[in-house]
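These notes are about the structure you will find just below.
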Amino acid sequence: MASVSVSSRLNKAIHEHYMSLPQGDLCQVTYIWIDGSGEGLRNKTRTLDREPQGIEDIPEWNFDGSSTDQAEGSNSDMYLIPVAMFRDPFTLESNKLVLCEVLKYNRLPAESNLRSGCKKVMEEVKLYIPCFGMEQEYTLLGMDGRPYGWPQNGFPGPQGPYYCGVGADHAFGRDIMECHYKACLYSGVKICGTNAEVMPSQFEFQVGLCEGIEMGDHLWMARFLLHRVCEDFGVVATLDPKPMKGNWNGAGCHTNVSTKEMREEGGLQYIEQAIERLSKRHAHHISVYDPHGGQDNIRRLTGRHETSSIHDFCFGVANRGASIRIPRQVAQEGKGYFEDRRPSANCDPYAVTGAIARTCLLEMEEEEEEEEST
(Lines give C-alpha, C1' and ligand atoms only; values in the text may rest on other atoms or scores of the structure.)
Protein backbone atom coordinates (compact mmCIF):
# COMPACT_ATOMS: atom_id res chain seq x y z
CA MET A 1 0.00 0.00 0.00
CA ALA A 2 1.41 3.38 -1.02
CA SER A 3 2.26 5.67 1.86
CA VAL A 4 -0.13 8.64 2.00
CA SER A 5 -0.45 11.46 4.52
CA VAL A 6 -2.64 11.26 7.61
CA SER A 7 -4.50 14.43 6.60
CA SER A 8 -5.66 12.87 3.34
CA ARG A 9 -7.54 10.23 5.34
CA LEU A 10 -9.77 12.75 7.11
CA ASN A 11 -13.52 12.61 6.40
CA LYS A 12 -13.90 14.56 3.16
CA ALA A 13 -17.70 14.57 3.39
CA ILE A 14 -17.43 16.78 6.47
CA HIS A 15 -15.03 19.04 4.61
CA GLU A 16 -17.48 19.31 1.70
CA HIS A 17 -20.26 20.39 4.07
CA TYR A 18 -18.32 23.43 5.23
CA MET A 19 -17.03 24.24 1.75
CA SER A 20 -20.63 24.42 0.49
CA LEU A 21 -21.72 27.04 3.04
CA PRO A 22 -22.56 30.42 1.42
CA GLN A 23 -20.28 33.36 2.18
CA GLY A 24 -22.40 36.27 0.91
CA ASP A 25 -20.48 39.11 -0.71
CA LEU A 26 -17.30 38.34 1.20
CA CYS A 27 -14.28 37.02 -0.70
CA GLN A 28 -11.36 34.85 0.39
CA VAL A 29 -8.07 35.85 -1.19
CA THR A 30 -5.09 33.52 -0.83
CA TYR A 31 -1.71 35.25 -1.19
CA ILE A 32 1.01 32.98 -2.62
CA TRP A 33 4.74 33.68 -2.73
CA ILE A 34 8.13 32.04 -3.29
CA ASP A 35 10.09 31.52 -0.08
CA GLY A 36 13.77 31.98 0.65
CA SER A 37 14.76 28.66 -0.88
CA GLY A 38 13.74 29.91 -4.33
CA GLU A 39 11.81 26.66 -4.77
CA GLY A 40 9.21 26.46 -2.02
CA LEU A 41 5.82 28.16 -2.08
CA ARG A 42 4.01 29.66 0.90
CA ASN A 43 0.46 30.97 1.22
CA LYS A 44 -1.96 32.61 3.61
CA THR A 45 -5.53 33.87 3.25
CA ARG A 46 -7.51 36.97 4.17
CA THR A 47 -11.09 38.18 3.74
CA LEU A 48 -12.04 41.10 1.50
CA ASP A 49 -15.46 42.72 1.71
CA ARG A 50 -16.11 42.29 -2.01
CA GLU A 51 -14.82 40.34 -4.99
CA PRO A 52 -11.77 42.01 -6.59
CA GLN A 53 -12.24 42.78 -10.28
CA GLY A 54 -8.54 43.10 -11.00
CA ILE A 55 -5.13 42.92 -9.40
CA GLU A 56 -5.37 46.61 -8.50
CA ASP A 57 -8.25 45.80 -6.12
CA ILE A 58 -6.08 43.52 -3.97
CA PRO A 59 -4.18 45.30 -1.18
CA GLU A 60 -0.55 44.72 -0.31
CA TRP A 61 0.02 42.52 2.71
CA ASN A 62 2.96 41.31 4.78
CA PHE A 63 4.38 38.21 6.44
CA ASP A 64 7.10 37.08 8.83
CA GLY A 65 10.18 36.64 6.67
CA SER A 66 12.18 35.11 9.53
CA SER A 67 9.98 32.00 9.23
CA THR A 68 10.59 31.62 5.48
CA ASP A 69 14.39 32.19 5.40
CA GLN A 70 13.88 35.68 3.98
CA ALA A 71 14.62 38.00 6.91
CA GLU A 72 16.15 38.28 10.37
CA GLY A 73 13.84 38.06 13.36
CA SER A 74 14.76 41.59 14.45
CA ASN A 75 13.46 43.05 11.17
CA SER A 76 11.21 40.36 9.79
CA ASP A 77 8.25 42.06 8.08
CA MET A 78 8.24 41.47 4.32
CA TYR A 79 5.87 43.01 1.78
CA LEU A 80 3.58 40.94 -0.43
CA ILE A 81 2.89 42.76 -3.70
CA PRO A 82 0.06 41.18 -5.74
CA VAL A 83 1.04 40.65 -9.39
CA ALA A 84 -1.32 38.03 -10.88
CA MET A 85 -4.83 36.90 -9.93
CA PHE A 86 -6.54 33.55 -10.58
CA ARG A 87 -9.81 31.86 -9.61
CA ASP A 88 -9.63 29.53 -6.59
CA PRO A 89 -10.55 25.92 -7.56
CA PHE A 90 -10.50 24.78 -3.93
CA THR A 91 -12.90 27.19 -2.19
CA LEU A 92 -14.80 28.25 -5.35
CA GLU A 93 -17.42 31.06 -5.30
CA SER A 94 -15.77 34.45 -5.91
CA ASN A 95 -12.55 33.49 -4.12
CA LYS A 96 -9.13 34.19 -5.61
CA LEU A 97 -5.56 32.96 -5.65
CA VAL A 98 -3.03 35.78 -5.94
CA LEU A 99 0.62 35.38 -6.87
CA CYS A 100 2.81 37.95 -5.12
CA GLU A 101 6.27 39.42 -5.39
CA VAL A 102 8.21 39.72 -2.15
CA LEU A 103 9.88 42.99 -1.17
CA LYS A 104 12.18 43.58 1.80
CA TYR A 105 11.67 46.23 4.49
CA ASN A 106 13.31 48.83 2.20
CA ARG A 107 10.99 47.79 -0.65
CA LEU A 108 13.82 46.28 -2.67
CA PRO A 109 13.21 42.80 -4.15
CA ALA A 110 13.95 39.88 -1.84
CA GLU A 111 16.84 37.68 -2.94
CA SER A 112 14.45 34.95 -4.10
CA ASN A 113 12.34 37.46 -6.04
CA LEU A 114 13.67 36.87 -9.54
CA ARG A 115 10.48 38.18 -11.11
CA SER A 116 11.58 41.76 -10.64
CA GLY A 117 14.67 41.38 -12.83
CA CYS A 118 12.85 39.27 -15.38
CA LYS A 119 10.14 41.90 -15.77
CA LYS A 120 12.72 44.57 -16.57
CA VAL A 121 14.19 42.40 -19.31
CA MET A 122 10.77 41.59 -20.75
CA GLU A 123 9.91 45.28 -20.87
CA GLU A 124 13.08 45.96 -22.85
CA VAL A 125 12.35 43.24 -25.42
CA LYS A 126 8.56 43.57 -25.65
CA LEU A 127 8.66 44.80 -29.26
CA TYR A 128 9.93 41.34 -30.26
CA ILE A 129 6.81 39.82 -28.66
CA PRO A 130 8.72 36.95 -27.01
CA CYS A 131 6.49 33.96 -26.29
CA PHE A 132 7.27 30.92 -24.18
CA GLY A 133 5.90 27.50 -23.37
CA MET A 134 7.34 25.43 -20.54
CA GLU A 135 7.02 21.66 -20.07
CA GLN A 136 7.03 20.94 -16.35
CA GLU A 137 8.01 17.40 -15.40
CA TYR A 138 7.39 16.15 -11.86
CA THR A 139 7.46 12.92 -9.89
CA LEU A 140 4.86 11.69 -7.39
CA LEU A 141 6.23 10.37 -4.11
CA GLY A 142 4.58 8.61 -1.21
CA MET A 143 5.14 9.97 2.28
CA ASP A 144 7.90 7.37 2.65
CA GLY A 145 9.88 9.09 -0.11
CA ARG A 146 9.44 6.27 -2.62
CA PRO A 147 7.89 7.02 -6.01
CA TYR A 148 4.14 6.59 -5.71
CA GLY A 149 2.97 3.12 -6.77
CA TRP A 150 6.44 1.54 -6.83
CA PRO A 151 6.88 -1.77 -4.97
CA GLN A 152 7.96 -1.18 -1.38
CA ASN A 153 10.85 -3.62 -1.53
CA GLY A 154 11.81 -3.47 -5.18
CA PHE A 155 11.41 -1.68 -8.48
CA PRO A 156 8.86 -1.65 -11.29
CA GLY A 157 9.73 -3.01 -14.71
CA PRO A 158 12.22 -1.04 -16.81
CA GLN A 159 11.26 2.11 -18.68
CA GLY A 160 9.42 1.67 -21.93
CA PRO A 161 5.69 1.14 -21.37
CA TYR A 162 5.08 4.11 -19.06
CA TYR A 163 5.41 7.12 -21.40
CA CYS A 164 1.81 8.12 -22.26
CA GLY A 165 0.91 4.66 -20.93
CA VAL A 166 -2.53 3.29 -20.16
CA GLY A 167 -3.47 0.70 -17.56
CA ALA A 168 -3.06 0.17 -13.83
CA ASP A 169 0.35 -1.43 -14.38
CA HIS A 170 1.58 1.50 -16.49
CA ALA A 171 0.09 4.70 -15.00
CA PHE A 172 0.51 5.42 -11.28
CA GLY A 173 -1.47 8.43 -10.05
CA ARG A 174 -3.49 9.47 -13.11
CA ASP A 175 -6.23 10.87 -10.83
CA ILE A 176 -3.79 13.48 -9.56
CA MET A 177 -2.70 14.48 -13.05
CA GLU A 178 -6.31 14.89 -14.22
CA CYS A 179 -7.44 16.81 -11.13
CA HIS A 180 -4.50 19.17 -11.48
CA TYR A 181 -5.35 19.76 -15.14
CA LYS A 182 -8.95 20.67 -14.27
CA ALA A 183 -7.84 22.91 -11.41
CA CYS A 184 -5.55 24.82 -13.77
CA LEU A 185 -8.29 25.25 -16.38
CA TYR A 186 -10.72 26.50 -13.76
CA SER A 187 -8.26 28.93 -12.23
CA GLY A 188 -7.25 30.48 -15.56
CA VAL A 189 -3.73 29.08 -15.75
CA LYS A 190 -2.72 28.68 -19.40
CA ILE A 191 -2.18 24.94 -19.23
CA CYS A 192 -2.21 23.40 -22.71
CA GLY A 193 -1.56 19.71 -22.14
CA THR A 194 -0.35 16.89 -19.94
CA ASN A 195 0.97 13.33 -20.22
CA ALA A 196 2.57 10.48 -18.29
CA GLU A 197 6.35 10.52 -18.62
CA VAL A 198 9.07 7.93 -19.25
CA MET A 199 9.72 6.98 -15.61
CA PRO A 200 6.76 5.41 -13.80
CA SER A 201 5.08 7.87 -11.37
CA GLN A 202 6.47 10.75 -13.41
CA PHE A 203 4.22 13.17 -15.30
CA GLU A 204 4.44 16.38 -17.27
CA PHE A 205 2.17 19.33 -17.89
CA GLN A 206 2.70 22.11 -20.38
CA VAL A 207 1.95 25.80 -19.81
CA GLY A 208 1.81 28.33 -22.63
CA LEU A 209 1.79 30.08 -24.96
CA CYS A 210 2.59 32.94 -22.62
CA GLU A 211 4.05 36.30 -23.55
CA GLY A 212 6.91 37.76 -21.54
CA ILE A 213 6.57 37.84 -17.75
CA GLU A 214 3.28 35.94 -17.94
CA MET A 215 5.20 32.69 -18.43
CA GLY A 216 6.72 32.72 -14.99
CA ASP A 217 3.47 33.83 -13.35
CA HIS A 218 1.44 31.01 -14.85
CA LEU A 219 4.02 28.28 -14.25
CA TRP A 220 4.44 29.21 -10.59
CA MET A 221 0.68 29.20 -10.10
CA ALA A 222 0.43 25.83 -11.86
CA ARG A 223 3.08 24.50 -9.44
CA PHE A 224 1.09 25.80 -6.47
CA LEU A 225 -2.04 24.06 -7.76
CA LEU A 226 -0.07 20.83 -8.22
CA HIS A 227 1.16 20.85 -4.64
CA ARG A 228 -2.32 21.64 -3.32
CA VAL A 229 -3.96 18.87 -5.33
CA CYS A 230 -1.30 16.42 -4.15
CA GLU A 231 -1.95 17.53 -0.58
CA ASP A 232 -5.59 16.45 -0.95
CA PHE A 233 -4.49 13.03 -2.20
CA GLY A 234 -1.84 12.67 0.52
CA VAL A 235 1.18 12.38 -1.78
CA VAL A 236 4.09 14.67 -2.62
CA ALA A 237 5.03 16.17 -5.98
CA THR A 238 8.78 16.61 -6.25
CA LEU A 239 10.52 18.74 -8.88
CA ASP A 240 13.89 17.15 -8.13
CA PRO A 241 15.77 16.85 -11.45
CA LYS A 242 16.94 13.30 -10.69
CA PRO A 243 14.67 11.78 -8.03
CA MET A 244 15.88 8.21 -8.62
CA LYS A 245 19.46 7.17 -9.23
CA GLY A 246 20.26 4.63 -11.88
CA ASN A 247 18.67 3.84 -15.21
CA TRP A 248 15.72 6.16 -14.76
CA ASN A 249 14.87 9.41 -16.52
CA GLY A 250 15.36 12.69 -14.71
CA ALA A 251 12.91 15.59 -14.71
CA GLY A 252 13.34 18.78 -16.69
CA CYS A 253 11.42 21.88 -17.62
CA HIS A 254 11.96 22.13 -21.37
CA THR A 255 11.41 25.69 -22.54
CA ASN A 256 9.98 26.56 -25.94
CA VAL A 257 10.88 29.99 -27.28
CA SER A 258 9.81 32.17 -30.18
CA THR A 259 9.66 35.80 -31.21
CA LYS A 260 7.47 37.55 -33.75
CA GLU A 261 10.24 37.24 -36.36
CA MET A 262 10.71 33.52 -35.67
CA ARG A 263 7.00 32.88 -36.16
CA GLU A 264 6.85 34.61 -39.53
CA GLU A 265 7.99 33.40 -42.96
CA GLY A 266 11.75 32.94 -43.02
CA GLY A 267 11.81 32.75 -39.24
CA LEU A 268 14.27 29.85 -39.18
CA GLN A 269 17.19 32.22 -39.73
CA TYR A 270 16.27 34.07 -36.53
CA ILE A 271 16.01 30.78 -34.67
CA GLU A 272 19.49 29.85 -35.86
CA GLN A 273 20.83 33.26 -34.81
CA ALA A 274 19.36 32.80 -31.33
CA ILE A 275 20.89 29.33 -31.02
CA GLU A 276 24.29 30.73 -32.04
CA ARG A 277 24.07 33.33 -29.25
CA LEU A 278 23.01 30.68 -26.74
CA SER A 279 25.99 28.53 -27.70
CA LYS A 280 28.35 31.32 -26.64
CA ARG A 281 26.79 31.56 -23.16
CA HIS A 282 26.27 27.90 -22.35
CA ALA A 283 28.02 28.05 -18.98
CA HIS A 284 26.02 31.08 -17.90
CA HIS A 285 22.71 29.48 -18.79
CA ILE A 286 23.60 26.26 -16.98
CA SER A 287 24.31 28.36 -13.88
CA VAL A 288 20.79 29.87 -13.87
CA TYR A 289 18.84 26.83 -15.10
CA ASP A 290 18.53 25.36 -11.62
CA PRO A 291 18.35 27.04 -8.18
CA HIS A 292 21.81 25.84 -7.14
CA GLY A 293 24.02 27.23 -9.87
CA GLY A 294 23.98 24.09 -12.00
CA GLN A 295 24.61 21.58 -9.22
CA ASP A 296 21.17 19.99 -9.58
CA ASN A 297 21.53 19.60 -13.33
CA ILE A 298 24.84 17.78 -12.95
CA ARG A 299 22.82 14.77 -11.80
CA ARG A 300 20.43 15.05 -14.75
CA LEU A 301 22.36 16.34 -17.79
CA THR A 302 24.57 13.31 -18.29
CA GLY A 303 24.14 12.71 -22.01
CA ARG A 304 21.84 9.77 -21.22
CA HIS A 305 18.09 9.44 -20.71
CA GLU A 306 17.17 12.02 -23.38
CA THR A 307 19.57 14.70 -22.17
CA SER A 308 22.67 16.43 -23.46
CA SER A 309 25.90 16.60 -21.49
CA ILE A 310 26.05 19.52 -19.07
CA HIS A 311 29.57 20.24 -20.32
CA ASP A 312 28.80 20.58 -24.03
CA PHE A 313 26.43 22.65 -26.15
CA CYS A 314 24.78 21.05 -29.16
CA PHE A 315 21.63 21.42 -31.23
CA GLY A 316 19.77 19.42 -33.82
CA VAL A 317 16.50 18.83 -35.61
CA ALA A 318 14.19 16.48 -33.67
CA ASN A 319 17.12 15.56 -31.40
CA ARG A 320 16.04 15.01 -27.80
CA GLY A 321 19.63 14.38 -26.79
CA ALA A 322 20.63 17.93 -27.73
CA SER A 323 20.86 21.12 -25.67
CA ILE A 324 18.55 22.83 -28.16
CA ARG A 325 16.02 20.98 -30.28
CA ILE A 326 14.52 22.39 -33.45
CA PRO A 327 11.23 20.52 -33.99
CA ARG A 328 11.01 18.70 -37.31
CA GLN A 329 7.93 20.66 -38.35
CA VAL A 330 9.77 23.93 -37.73
CA ALA A 331 12.66 22.80 -39.92
CA GLN A 332 10.23 21.82 -42.68
CA GLU A 333 8.16 25.00 -42.55
CA GLY A 334 11.13 27.30 -41.99
CA LYS A 335 9.55 29.13 -39.07
CA GLY A 336 8.23 28.58 -35.55
CA TYR A 337 10.17 28.06 -32.32
CA PHE A 338 13.05 26.22 -30.67
CA GLU A 339 13.19 24.15 -27.49
CA ASP A 340 15.84 24.64 -24.82
CA ARG A 341 16.04 21.26 -23.08
CA ARG A 342 18.54 22.23 -20.40
CA PRO A 343 16.40 23.83 -17.64
CA SER A 344 15.84 21.55 -14.65
CA ALA A 345 12.41 20.67 -13.29
CA ASN A 346 13.04 22.87 -10.24
CA CYS A 347 14.23 25.90 -12.22
CA ASP A 348 12.82 29.35 -11.60
CA PRO A 349 10.92 30.20 -14.81
CA TYR A 350 11.69 33.90 -14.30
CA ALA A 351 15.42 33.12 -14.31
CA VAL A 352 15.14 30.90 -17.38
CA THR A 353 12.98 33.13 -19.57
CA GLY A 354 14.86 36.24 -18.46
CA ALA A 355 18.22 34.71 -19.36
CA ILE A 356 16.98 33.52 -22.76
CA ALA A 357 15.48 36.91 -23.60
CA ARG A 358 18.63 38.71 -22.53
CA THR A 359 20.99 36.44 -24.48
CA CYS A 360 18.91 36.15 -27.63
CA LEU A 361 17.48 39.67 -27.87
CA LEU A 362 19.23 42.24 -25.70
CA GLU A 363 22.72 41.09 -26.63
CA MET A 364 21.68 41.18 -30.29
CA GLU A 365 20.77 44.84 -29.90
CA GLU A 366 24.08 45.54 -28.18
CA GLU A 367 25.96 43.85 -31.04
CA GLU A 368 24.06 45.94 -33.61
CA GLU A 369 24.81 49.14 -31.70
CA GLU A 370 28.51 48.26 -31.64
CA GLU A 371 28.52 47.59 -35.38
CA GLU A 372 26.85 50.95 -36.06
CA SER A 373 29.39 52.81 -33.95
CA THR A 374 32.41 51.27 -35.72
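Computed from a predicted model, the values in this text were never measured in an experiment. What you see below is based on every heavy atom in this structure, not just the backbone, and it leaves out hydrogens, waters and symmetry mates.
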Determine yes or no for a side-chain-to-main-chain donor-acceptor pair under 3.5 angstrom, with T255 supplying the side chain and C253 the backbone. yes

Just checking, is any N or O donor in the side chain of D240 or N346 under 3.5 Å from an acceptor N or O on the other one? no

Rounded at 0.5 Å granularity, tell me how far CG in N62 sits from CG in D77. 5.0 Å

Taking C-beta and beyond as the side chain, do D232 and V229 meet within less than 4.5 Å on heavy atoms? no

Closest non-hydrogen contact found for N297 with I310 is C-CD1, 3.8 Å

Measure the shortest side-chain to side-chain distance between V235 and S3 over non-hydrogen atoms and say whether it is less than 4.5 angstrom. no

Step-by-step salt bridge (charged side-chain N to carboxylate O under 4.0 Å, His left out) determination, E123 to K126: CA-CA 5 Å; E123 282 295 318; K126 64 182 179 181; 3.5 Å; yes

Under 3.5 Å, is there a donor on one side chain and an acceptor on the other for Q23 and N95? yes

Could you tell me the separation between the CG atom of N195 and the CD atom of Q206, rounded to the nearest 0.5 Å? 5.5 Å

Passing option when Y138 is tested against M177, Q202, E204 for side-chain contact (heavy atoms from CB on, under 4.5 Å): M177

Check whether any side-chain heavy atom of W61 lies under 4.5 Å from a side-chain heavy atom of P59, and answer yes or no. no

With no hydrogens and no angle check, do the side chains of R146 and Q152 hold a donor and an acceptor under 3.5 Å apart? no

Between N113 and the options Q70, K104, E101, the side-chain hydrogen bond (donor to acceptor under 3.5 Å, both in side chains) test singles out E101

Looking only at side-chain N and O atoms, does N249 offer a donor or acceptor that is under 3.5 Å from a partner on Y163? no

Residue set satisfying ring-ring contact (aromatic ring centres under 6.0 Å, His included) with F63, at least two apart, ordered chain then number -> W33

Any side-chain heavy atom of N43 sitting closer than 4.5 Å to one from Y31? no

V352-L209 co-clustered via ILVMFWY side chain contacts under 4.5 Å: no

E72 atom CD, over 12 foreign heavy atoms within 6.0 Å: no

If the threshold is 4.0 Å, N to carboxylate O, is there a salt bridge linking E339 and R341? yes

Enclosure of H284 NE2 (heavy-atom neighbours >12, cutoff 6.0 Å): yes

Result of checking F86, F205, F224 against H218 for ring pair (Phe, Tyr, Trp, His ring centres under 6.0 Å): F86

Please indicate whether R328 has more than 12 foreign heavy atoms, meaning atoms of other residues, nucleotides or ligands, lying under 6.0 Å from its CZ. no

Counting only heavy atoms not in R107, do more than 12 fall under 6.0 Å of its CZ? yes

Examine F203 and L185 and state if one hydrophobic cluster contains both, with Ile, Leu, Val, Met, Phe, Trp and Tyr joined whenever side-chain heavy atoms are less than 4.5 Å apart. yes

Does L219 reach the side chain of M215, with side-chain heavy atoms less than 4.5 Å apart? yes

Does a side-chain heavy-atom distance below 4.5 Å link Y79 with V102? no

Centre-to-centre under 6.0 Å for H285 and F313, is that the case here? no

Minimal non-hydrogen separation, L140 against F172, with atom names: CD1-O, 3.9 Å

What's the separation between atom NZ in K242 and atom OG1 in T139, rounded to the nearest 0.5 Å? 10.0 Å

When you check the side-chain N and O atoms of R300 and H305, is any donor under 3.5 Å from an acceptor? no

Contact summary for S8 and S5, nearest pair of heavy atoms: OG-O, 2.7 Å

Any idea how Y162 and H170 line up, ring-wise: parallel (<30°), tilted (30 to 60°), or perpendicular (>60°)? perpendicular

Taking the side chain as every heavy atom from C-beta outward, state whether M262 and F338 have any pair of such atoms under 4.5 Å apart. yes

Contact check, side chains of I275 and I326, non-hydrogen atoms, under 4.5 Å: yes

Counting neighbours of CD on Q329 that are heavy atoms of other residues, nucleotides or ligands and sit closer than 6.0 Å, is the number greater than 12? no

Considering non-hydrogen atoms only, spot the tightest contact between M85 and V98 and give its length. CG-CG2, 4.2 Å

Separation of T353 OG1 from E211 CD (nearest 0.5 Å): 12.0 Å

Determine whether the side chains of R263 and S258 contain a donor N or O and an acceptor N or O closer than 3.5 Å. yes

